[in-house]
Amino acid sequence: MKVMVFDVGGTGIKYSVIDEQLNRTDTGSTPTPADSQEHFLNTLREIYLPHKDEVDGIALSLPGFIDAEQGVVRGGGAPSLAYNVGTPVGPRLAEACGCRVWIENDGKAAAIAELERGVLKGCRNAAVFIIGTGVGGGLIIDGKLVRGRDCTAGEYSFMNTNADAWSDPTKSVACQCSTSGLLSGYRARKGLPADAPMDGRIFFEAVHAGETEANETLRSFCRAVAVQIYNLNVLLDLEKVAIGGGISKQPLLLESLRSAYDGLYASRAGQAYMEGLPRCQIVPCAFSSEANQVGVAAAYFEAMQKKC
């Protein structure tokens with residue numbers, strides 16, 4: 001059995017055909033339509049149709065509070081995506097394409113991939129932290145993915161980072177710990193316009209070149225992410241936190257993040273209340289930026305087996 005897989009992000013859609021051994025073929029990407037839901041669904045349909053005779057259906061990973069069983073987006077999601085609260089994306093896509101469809105939150109899809117076949121296999125308590133246009137997340141508790149009553153478990157993007165600035169939307173994990181936040185911070189340090197062309201490749205080229213502003217931005221960014229990992233670990237006593245997203249392929253990101261995380265403990269060495277607090281391992285996702293695709297494919301195969 002094979003499935004057509006889409007991983008929808010705020011700016012782009014990655015796709016591939018994946019078999020039950022989780023091998024990926026026919027990979028590609030396209031910009032995410034933001035003008036209408038019809039355009040969004042038609043874009044997926046046009047990519048699916050050439051593959052319809054070789055695949056069993058569609059597995060779709062996307063941001064938002066996703067009710068996987070009903071195929072409904074209950075809320076959240078990137079502002080640029082063309083669907084609203086309560087949108088039955090799964091049923092509408094199934095009708096448009098004439099096939100079975102399974103949808104899954106992107107962070108939870110990554111967690112499924114890493115728990116079943118990746119770096120979180122065998123973990124009791126663990127998490128994924130996906131750094132992208134926003135911040136995706138997935139929590140593993142007692143060896144199982146946690147969805148929550150309203151499908152919002154692991155939605156790190158909505159966590160506030162400063163209680164004294166509650167009404168400031170920039171004081172959120174989505175703004176401070178995402179690739180978007182990283183690049184915005186870099187533009188600000190460089191004195192560049194907010195819309196100046198910038199991406200992860202350009203930024204890390206500047207880091208590797210030894211540019212002061214880039215390295216200062218990276219250190220500040222990694223400290224912000226490290227603080228959230230610290231908070232997650234205090235709450236849940238995690239064994240590992242797996243970092244995903246496009247920039248997770250940069251070894252320097254993981255190196256800087258681990259250094260920032262260790263620095264949180266070093267800065268309070270000797271303080272009694274810190275004694276005995278465990279530290280989790282910070283590791284790269286085994287499936288890197290493809291974790292969402294692999295995870296939602298695995299979820300599709302499991303769901304279809306249950307329905308048979």
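- Salt bridge annotation for E69-R147: absent, with no cationic side-chain nitrogen under 4.0 angstrom from a carboxylate oxygen.
- Grouping the Ile, Leu, Val, Met, Phe, Trp and Tyr side chains by contacts below 4.5 angstrom, directly or via other members, places V294 apart from I140.
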Test ring pair (Phe, Tyr, Trp, His ring centres under 6.0 Å) applied to F6 and F40, step by step: CA-CA 12 Å; F6 295 100; F40 172 71; 8.9 Å; no
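- Side-chain N/O atoms of K14 and T27 include no donor and acceptor closer than 3.5 Å.
- A distance of 6.5 Å separates SG in C97 from OH in Y48, rounded to the nearest 0.5 Å.
- A side-chain donor from one of D56 and Y300 sits under 3.5 Å from a side-chain acceptor of the other.
- Looking at heavy atoms from C-beta onward, T87 lies in side-chain contact with R92 at the 4.5 angstrom threshold.
- Atom-to-atom distance recorded for D199:CG and I202:CD1 is 4.0 Å, nearest 0.5 angstrom.
- A donor-acceptor pair under 3.5 Å is absent between the side-chain atoms of S172 and the main chain of F158, judged by distance alone.
- A donor-acceptor pair under 3.5 Å links the side-chain atoms of T32 to the main chain of G12, judged by distance alone.
- L139 and L115 end up in different hydrophobic clusters when Ile, Leu, Val, Met, Phe, Trp and Tyr side chains are linked at under 4.5 Å.
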Begin with the C-alpha distance, continue with both residues' side-chain angles, and end with the deciding distance and a verdict on side-chain contact (heavy atoms from CB on, under 4.5 Å) for F204 and I247. CA-CA 9 Å; F204 276 98; I247 64 172; 4.0 Å; yes
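- Counting heavy atoms from C-beta on, the side chains of P278 and D237 come closer than 4.5 Å.
- Residues V89 and L60 are in side-chain contact: their nearest non-hydrogen atoms beyond the backbone lie under 4.5 Å apart.
- In terms of heavy atoms, I131 sits closest to C177 at CG2-O, 3.7 Å.
- Side-chain contact, T152 with D150: no donor N or O sits under 3.5 Å from an acceptor N or O.
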For V207 and L252, run side-chain contact (heavy atoms from CB on, under 4.5 Å): C-alpha distance rounded to whole Å, both residues' side-chain angles, the deciding distance at 0.1 Å, then the answer. CA-CA 9 Å; V207 171; L252 189 56; 3.2 Å; yes
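- A297 approaches L22 most closely through the heavy-atom pair CB-CD2, 4.4 Å.
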side-chain contact (heavy atoms from CB on, under 4.5 Å) between D7 and I13, worked out: CA-CA 6 Å; D7 176 23; I13 300 172; over 6 Å; no
Walk me through whether E95 and R45 qualify under salt bridge (Lys or Arg N to Asp or Glu O under 4.0 Å). CA-CA 10 Å; E95 181 180 5; R45 181 175 181 273; over 6 Å; no
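- A donor and an acceptor atom, one from each side chain of Y186 and E211, are located under 3.5 Å apart.
- Here the CD1 atom belonging to I282 is positioned 10.0 Å from the OG atom belonging to S259, to the nearest 0.5 angstrom.
- Between Y265 and Y261, the two ring planes are perpendicular [angle over 60°; tilted spans 30° to 60°].
- Counting heavy atoms of neighbouring residues, nucleotides and ligands inside a 6.0 Å radius, atom CZ of R223 does not exceed 12 of them.
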Could you walk me through whether D67 and R74 satisfy the salt bridge (Lys or Arg N to Asp or Glu O under 4.0 Å) test, starting with their C-alpha distance in whole Å, then the side-chain angles of each, then the deciding distance to 0.1 Å, before giving a yes or no? CA-CA 7 Å; D67 184 336; R74 290 191 178 182; 3.0 Å; yes
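- In this model, no donor atom of one side chain and acceptor atom of the other lie less than 3.5 Å apart for E205 and H208.
- One distance of note links CZ of R100 with CG of L93; it measures 14.0 Å at 0.5 Å rounding.
- Side-chain atoms of Q281 and R258 include no donor-acceptor pair closer than 3.5 Å.
- V8 and I130 sit in two unconnected hydrophobic clusters of ILVMFWY residues. Membership requires side-chain heavy atoms under 4.5 Å apart, directly or through other members.
- Within the 3.5 Å criterion, the main-chain N or O of K171 finds a donor-acceptor partner in the side chain of T161.
- Residues E20 and Q305 are in side-chain contact: their nearest non-hydrogen atoms beyond the backbone lie under 4.5 Å apart.
- Using a 4.5 Å heavy-atom cutoff, the side chains of V3 and V17 are not in contact.
- Side chain of S256 to backbone of L253: no donor-acceptor contact under 3.5 angstrom is found.
- Taking D106 as the reference, nothing meets the side-chain hydrogen bond (donor to acceptor under 3.5 Å, both in side chains) condition, with sequence neighbours excluded.
- Using a 4.5 Å cut-off on side-chain heavy atoms (C-beta onward), C123 and N125 make no contact.
- Put simply, M159 and W166 are part of two different groups of oily side chains (I, L, V, M, F, W, Y) that touch within less than 4.5 Å, one to the next.
- The two residues H51 and M4 make their nearest non-hydrogen contact at CD2-SD, 3.6 Å.
- Looking at heavy atoms from C-beta onward, V73 lies in side-chain contact with I66 at the 4.5 angstrom threshold.
- Judged by distance alone, the side chain of S180 and the main-chain N or O of T133 form a donor-acceptor pair under 3.5 Å.
- For the pair A242 and V119, the tightest heavy-atom approach, listed with the atom from each and the gap, is CB-CG2, 3.8 Å.
- In terms of heavy-atom proximity, T43 sits nearest to P33 at OG1-CG, 3.2 Å.
- With rounding to the nearest 0.5 Å, the separation of CG in L182 from CD in Q176 is 12.5 Å.
- Annotation for E54: atom CD counts as buried by contact number, over 12 foreign heavy atoms lying within 6.0 Å.
- At a threshold of 4.5 Å between non-hydrogen side-chain atoms, the residues L120 and E239 do not count as touching.
- To the nearest 0.5 Å, atom CE of residue M1 and atom CZ of residue F301 are 6.5 Å apart.
- If you chain together hydrophobic residues whose side chains sit under 4.5 Å apart, Y230 and V173 fall into the same group.
- In this structure, K108 contributes its side chain and V296 its backbone to no donor-acceptor pair below 3.5 Å.
- Here the shortest heavy-atom pairing between V241 and C280 reads CG2-SG, 3.8 Å.
- R189 is linked by a side-chain hydrogen bond (donor to acceptor under 3.5 Å, both in side chains) to E216, T217, counting only residues two or more places apart in sequence or in another chain.
- S61 and E104 form no side-chain donor-acceptor contact under 3.5 Å, judged by distance and modelled atom types alone.
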Q293/F287 under side-chain contact (heavy atoms from CB on, under 4.5 Å): CA gap, chis, key distance, verdict: CA-CA 9 Å; Q293 295 183 65; F287 295 103; over 6 Å; no
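- Checked by atom type and distance alone, the side chain of N42 pairs as donor or acceptor with a backbone atom of E38 at under 3.5 Å.
- If you run side chain to side chain contact (heavy atoms under 4.5 Å, CB included) between R279 and each of L238, I229, L264, D262, only D262 comes through.
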